[in-house]
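Taking it in order: structure first as structure tokens, then the write-up.
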Amino acid sequence: MVEIPSQNFGLDLLRTAEAAAIAAGRWMGLGQKREADVASTEAMYLEFKKLDIDGTVVVGEEGRSERHPLERGVRVGNGRGPQLDVVVDPIDGSNLLAQGRPGAISVVGVAPRGSMWTPPHARYMGKVVVDREVARALVPECLDAPAAWTLALVGRVKKKPIRDLVVFVLDRPRHQELIEEIRSAGARVMLRIDGDIAGALLAASPTHDNVDLLMGVGGVNEGVIAACAVKALRGAMLGRLAPQSNEERELLSRENVDLKQILTQDELVSSQRVFFAATGVTEGPLLAGVRYHGREVRTESIVLRSETGTRRIVRTEHLVAG
């Protein structure tokens, strides 16, 4: 891993998330998921070309037959700056955006080259995410223990009864048993059809007390991106690969990937020099969505720097071509 100079890339990085969000927001509620994804990805890619970095996308847009501007392995930036690992998701919550639902965001993160964990064929990961107050108490057993055990641990640290805890869970058939466990323990569930990264941000943020933790199985790519934010927020994360098909399990077996290994945010992103930015696309509990007023566009974003623990909320007015 090559460490980068101690300079602040936060606002430069922010512009890439803003560009993606502004392009994506035009497609809100139109039911055209692919068109929104193409527009936001191209906008983010073009903004990256202006940055003085030599970046390589290690987590990006996957699963397409055609070449994608921000797929894994693509070089971004103008090549005249430090070598960086780059993680992107131009629309975290593309289904939310297409359906006009709240909570879609655009996200991007960077860290020194070689510092991000990127298994080649893993798709799904079991996760638990908590904020800095609970971070010291989070233990590997939380990934295997009954939900009630983990909720009791979180409740003790936060000095909250379990009935006051809220758990972010993706609304998936695979989570039915988990949801029942959480409800049986007395906690409440925030279900979302999409938005794994936004859920981790809510769980890790010390100022958003509407979510106490994230639990369940989500994407590996989203897990690595979320780890950037969790680390910068001084929260804690546990992750372990959780293949959801025989094909995925066989691929990982052939690569001798240890499916029992539990990873923390510090193993998913090993450097302390991490920068993360997210811009709201649709209205949500984390960030306001993009608002259009003729030539004026308003955005709300969060910018995080792990090295200093700085957390900035940025509200921007953009003037766009008429």
Side-chain angles (χ1 to χ4, degrees), residues 10 13-14 16-22 24-25 28-29 36 40 44 87-109 127-134 165-171 188-216 218-219 221-237 265 274-291 297-306 309-316:
L13 202 63
L14 169 62
T16 67
E18 288 176 336
I22 291 170
M28 192 273 288
S40 62
M44 180 177 277
V87 294
V88 302
D89 196 341
I91 309 174
D92 174 52
S94 54
N95 289 312
L96 300 174
L97 173 67
Q99 297 172 21
R101 298 190 181 195
I105 60 175
S106 296
V107 299
V108 59
K127 307 168 193 175
V128 177
V129 176
V130 297
D131 64 15
R132 66 182 64 170
E133 186 179 6
V134 185
L165 297 179
V166 176
V167 187
F168 182 99
V169 182
L170 285 177
D171 191 1
R188 293 169 290 160
V189 180
M190 178 185 283
L191 280 176
R192 287 290 186 271
I193 64 168
D194 220 343
D196 203 2
I197 301 169
L201 275 165
L202 285 168
S205 175
T207 58
H208 287 276
D209 57 2
N210 49 345
V211 173
D212 294 284
L213 68 161
L214 173 148
M215 301 178 75
N221 286 354
E222 289 81 358
V224 177
I225 298 173
C228 295
V230 171
K231 186 161 186 169
L233 288 166
R234 303 292 196 266
M237 177 176 179
Q265 70 281 354
V274 181
F275 294 89
F276 177 92
T279 300
V281 180
T282 61
E283 294 292 323
L286 180 69
L287 294 165
V290 182
R291 300 182 182 185
V297 181
R298 298 174 186 171
T299 59
E300 185 177 60
S301 307
I302 183 171
V303 183
L304 306 173
R305 185 182 185 185
S306 179
T310 305
R311 176 181 178 273
R312 289 183 172 90
I313 299 296
V314 181
R315 296 179 179 90
T316 308

State the [atom1]-[atom2] distance between [X] and [Y], to the nearest 0.5 angstrom.
| X | Y | atom1 | atom2 | result |
| --- | --- | --- | --- | --- |
| Phe275 | Arg305 | CZ | CZ | 4.5 Å |
| Ile302 | Leu14 | CD1 | CG | 11.0 Å |
| Asp212 | Asp131 | CG | CG | 7.5 Å |

For [X] and [Y], work out which heavy atoms get closest and say how close.
| X | Y | result |
| --- | --- | --- |
| Leu170 | Gly195 | CD2-N, 4.2 Å |
| Asp89 | Ile91 | OD1-O, 2.9 Å |
| Leu287 | Ala278 | CD1-O, 3.6 Å |
| Ser106 | Val281 | OG-CG2, 3.4 Å |
| Ser94 | Asp194 | N-OD2, 3.6 Å |
| Ala232 | Leu304 | CB-CB, 3.6 Å |

* Asked: Just wondering, more than 12 heavy atoms not from Arg188 lying within 6.0 Å of its CZ?
  ->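 Yes, enclosed.
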Between the main-chain N or O of [Y] and the side-chain N or O of [X], is there a donor-acceptor pair closer than 3.5 Å?
| X | Y | value |
| --- | --- | --- |
| Ser205 | Leu202 | no |
| Thr282 | Ala104 | yes |
| Asn221 | Val224 | no |

* Asked: Hey, are Asp196 and Lys127 close enough for a salt bridge, meaning a charged N less than 4.0 Å from a carboxylate O?
  ->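 Looking at Lys127 together with Asp196, the answer is yes, because their closest N to O distance falls below 4.0 Å.
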* To do: Before accepting this row, confirm whether a basic side-chain N of the pair Glu283/Arg291 lies closer than 4.0 Å to the acidic partner's carboxylate O.
  =>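 Here Glu283 pairs with Arg291 in a salt bridge, since their nearest N and O are under 4.0 Å apart.
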Answer yes or no: is there a side-chain heavy-atom contact under 4.5 Å between [X] and [Y]?
| X | Y | value |
| --- | --- | --- |
| Thr207 | Arg311 | yes |
| Ile193 | Arg101 | yes |
| Ser301 | Arg312 | no |
| Val189 | Val166 | no |
| Val87 | Val108 | no |
| Val107 | Phe276 | yes |

* Decide side chain to side chain contact (heavy atoms under 4.5 Å, CB included) for Met44 and Val88; before the verdict, give the C-alpha distance in whole Å, the side-chain angles of both, and the deciding distance to 0.1 Å. => CA-CA 9 Å; Met44 180 177 277; Val88 302; 3.8 Å; yes
* Run the side chain to side chain contact (heavy atoms under 4.5 Å, CB included) check on Met190 and Val167 step by step: do they pass? -> CA-CA 6 Å; Met190 178 185 283; Val167 187; over 6 Å; no
* Quick one: do Glu300 and Thr279 satisfy side chain to side chain donor-acceptor pair (under 3.5 Å)? Show the steps, please. => CA-CA 6 Å; Glu300 185 177 60; Thr279 300; over 6 Å; no
* List the steps, then state whether side chain to side chain contact (heavy atoms under 4.5 Å, CB included) holds for Leu233 with Leu201. => CA-CA 9 Å; Leu233 288 166; Leu201 275 165; 4.0 Å; yes
* Given Val134 and Leu213, is the side chain to side chain contact (heavy atoms under 4.5 Å, CB included) satisfied, shown in steps? -> CA-CA 9 Å; Val134 185; Leu213 68 161; over 6 Å; no
* Asked: Do you know which of Ile197, Leu97, Ile225 makes side chain to side chain contact (heavy atoms under 4.5 Å, CB included) with Asp92?
  ->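 Of Ile197, Leu97, Ile225, side chain to side chain contact (heavy atoms under 4.5 Å, CB included) with Asp92 is met by Ile197 alone.
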